[in-house]
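When a ligand or atom number is given, it counts from 1 through the structure's own listing order.
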Amino acid sequence: MTNSYSDLIHQTFEFPQEGFQIKNGYLEFHDIPLREIIEEYGTPLRISYLPNISRKIELAKKWFSDAIQKNGYDARHHYCYCTKSSHFRFVMDKVLSMDEVHLETSSAFDIDIIRHLSRAGQIKRSTRIICNGFKTREYLAKVSTVINNGYPFILPVLDNVDELSYYEKHIQLPVCNIGVRVATEEEPNFQFYTSRLGISRSKILDFYKEKIHTNPKFKLRMLHFFVDKGIRDSIHYWNEFKKAVTTYCQLKKICPELNSLNIGGGLPIRNSLGFEFDYSYMVDQIVSNIKQACDENQLPVPNIYTEFGSFTVGESGAVIFSVIGKKQQNDAELWYMIDNSIMNTLPDVWGIDQRFILLPINKWDRPYNRVNIGGITCDNSDYYNSEAHVSQLFLPKLSQGEKEPLFLGFFHTGAYQESIAGHGGIQHCLIPYPKHVLVDRSPNGKIDHSLLFDQQSSSRMLSLLGY
Ligand SMILES: Cc1ncc(COP(=O)(O)O)c(C=O)c1O
């Protein structure tokens with residue numbers, strides 16, 4: 001029985017596995033030599049590996065086109081990228097460089113991004129823009145302006161019944177396409193029963209009959225739903241899915257122009273080396289269940305829209321820290337202190353107990369010990385000490401006076417973390433925001449990297465604070 005960290009990983013998981021391998025004693029992420037990157041840029045460090053974005057889009061589009069073909073499904077799938085999962089320009093550039101990828105927006109400023117990209121020629125007139133979310137007056141006004149300017153494929157999705165009266169007053173075109181979002185029910189153990197997002201299922205049919213059907217200005221084209229816990233092969237998911245498809249069929253019977261079902265986001269990403277999810281099976285089930293319901297009701301099948309956010313960008317991101325200190329607080333509790341904050345850089349860990357793939361970059365030949373990782377803010381909650389597959393954390397043992405620190409990588413962190421953390425803003429305990437490195441591949445396969453943002457400086461943070 002051997003007991004190095006490397007043995008532990010090889011005994012617990014299939015390893016090496018997609019995206020992760022050891023070369024010359026150091027971890028590589030999609031062949032990126034992390035050791036060189038760390039030597040060049042130092043830590044703490046965010047990395048965005050752009051080829052993972054295009055790969056994910058291609059994969060999901062293929063699963064849908066295969067399922068559509070297999071099931072003889074007579075309508076199309078439209079892949080939308082949900083911009084809120086990462087608004088960075090480099091992400092949008094990559095997404096929009098792909099064929100037939102559409103966008104989903106969530107707020108007024110999102111529409112400014114759309115206008116900006118449109119002026120830059122990156123948004124084609126065939127790109128569909130699905131405007132979701134609760135609309136402030138500013139958001140409503142911006143959506144209406146884009147519609148009035150004659151952009152053909154923008155579709156506001158009504159989050160509540162009042163939204164329609166704004167469009168009624170402000171949209172100057174004779175006909176406007178719209179969608180509606182039906183609220184789903186939360187899991188039984190959640191804090192509330194029905195999601196606040198969307199219009200309750202019991203009201204949607206009457207709302208359509210009374211306010212949309214009677215108004216020649218509006219054509220209802222899309223029904224949207226989103227199950228907050230994501231697309232899982234679980235009883236809860238399939239219940240909510242079936243309810244939404246039933247609502248679609250009920251609406252379609254009285255609204256012939258309805259032609260699209262938007263199933264939202266929520267396709268999961270790998271958050272552990274032990275992660276298993278049969279994507280193509282799940283997509284096939286989604287497509288075949290919609291078809292079956294439509295066949296039973298003798299209705300044509302709808303176009304399927306998806307709005308995958310985490311799935312598009314999540315696996316492109318990584319955050320790397322150095323362990324800068326070790327604290328044995330009692331017989332059982334050993335802390336590895338890192339050179340930044342978990343709370344500030346990976347707020348989902350703190351906010352929703354999100355787990356990511358965590359691996360050391362070096363020292364895989366050492367014995368391992370159970371540890372807690374501590375961030376350097378003074379906050380008790382700034383820690384990480386369990387993994388998705390097991391409620392504890394093991395990392396290589398450290399001895400005194402080592403020349404090279406232990407480097408830790410949190411992987412698949414590319415979605416939501418920067419926007420929730422407030423990239424470049426004021427940080428807890430004024431711990432500066434890490435630098436950010438972009439990694440791409442040139443056409444000949446060579447890995448290129450460059451610094452996108454330097455680590456936040458004291459003067460920038462102080463100026464935000466009014467000094
Ligand atoms: C309406 C809607 N669509 C898409 C998404 C994206 O979800 P995910 O990032 O899990 O794919 C969200 C996330 O909150 C959402 O609210």
Side-chain angles (χ1 to χ4, degrees), residues 52-53 56-57 59-61 63-64 77-88 91-92 95 101-107 110-111 113-114 128-135 139 143 154-160 163 178-187 190 192 194-199 222-234 236-237 240-241 244 260-271 275 277 279 282-283 286 304-317 346-348 351-356 388 412-420:
N52 266 4
I53 298 175
K56 290 297 174 144
I57 295 174
L59 275 173
K61 287 176 79 166
W63 294 322
F64 274 92
H77 165 237
H78 295 288
Y79 191 104
C80 305
Y81 169 59
C82 156
T83 61
K84 66 177 156 259
S85 38
S86 179
H87 292 103
F88 281 109
V91 172
M92 300 299 279
V95 166
V101 173
H102 309 280
L103 299 172
E104 184 236 8
T105 65
S106 316
S107 70
D110 246 344
I111 303 295
I113 292 184
I114 300 293
R128 287 150 210 260
I129 312 289
I130 311 295
C131 304
N132 245 318
F134 189 96
K135 318 279 186 312
Y139 191 11
V143 170
I154 178 161
L155 190 104
V157 175
L158 307 184
D159 180 74
N160 61 72
E163 207 179 311
I178 53 168
V180 284
R181 177 170 180 163
V182 57
T184 52
E185 254 109 67
E186 306 285 354
E187 279 192 317
F190 206 57
F192 28 84
T194 304
S195 166
R196 72 178 190 286
L197 306 158
I199 300 170
M222 174 183 284
L223 180 74
H224 168 59
F225 75 99
F226 176 60
V227 180
D228 185 67
K229 281 280 176 262
I231 298 178
R232 305 281 138 100
D233 196 8
S234 66
H236 175 70
Y237 181 76
E240 291 309 306
F241 174 90
S260 300
L261 180 65
N262 180 342
I263 66 169
L267 203 59
I269 62 169
R270 282 194 292 157
N271 65 348
F275 174 85
F277 186 84
Y279 289 98
M282 206 57 196
V283 170
I286 287 170
I304 301 172
Y305 282 72
T306 53
E307 303 169 341
F308 299 144
S310 309
F311 181 81
T312 312
V313 280
E315 295 194 11
S316 64
L346 300 171
D348 272 1
I352 55 169
D353 202 25
Q354 179 69 43
R355 301 293 105 180
F356 295 103
H412 299 175
T413 59
Y416 300 106
Q417 304 316 293
E418 289 98 333
S419 45
I420 297 174

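When the options E307, R181, H224, K84 are ranked by their closest heavy atom to atom 15 (C) of ligand 1, first place goes to K84. Scanning G266, G264, C82, G230 for the heavy atom closest to atom 11 (O) of ligand 1 points to G266.
In this structure, R128 CZ and L103 CG are separated by 12.0 Å, a value rounded to the nearest 0.5 Å. Put simply, OG on S310 and CD1 on I269 are 5.5 Å apart, with the number rounded to the nearest 0.5 Å.
A 4.5 Å side-chain heavy-atom check between L346 and T413 finds at least one atom pair inside the cut-off. Two residues are said to be in side-chain contact when any heavy atoms from C-beta on lie closer than 4.5 Å; I286 and I263 meet this criterion.
Each of the following atoms of ligand 1 lies closer than 4.0 Å to a heavy atom of G309: 8 (P), 9 (O), 11 (O). Per-residue contacts place S310 under 4.0 angstrom from the following atoms of ligand 1 (heavy atoms of the residue considered): 8 (P), 9 (O), 10 (O), 11 (O).
Within the 6.0 Å centre-distance limit, the rings of F277 and Y279 are counted as a close aromatic pair. A distance below 6.0 Å separates the ring centres of H78 and Y305.
Residue contacts with ligand 1: S85 is excluded, as none of its non-hydrogen atoms falls under 4.0 Å.
The shortest N or O to N or O distance between N132 and ligand 1 is not below 3.5 Å.
Protein heavy atom nearest atom 9 (O) of ligand 1, with residue, atom name and distance: Y416 OH, 2.5 Å.
Contact annotation for F308 and ligand 1: only backbone heavy atoms (N, CA, C, O) come within less than 4.0 Å of the ligand.
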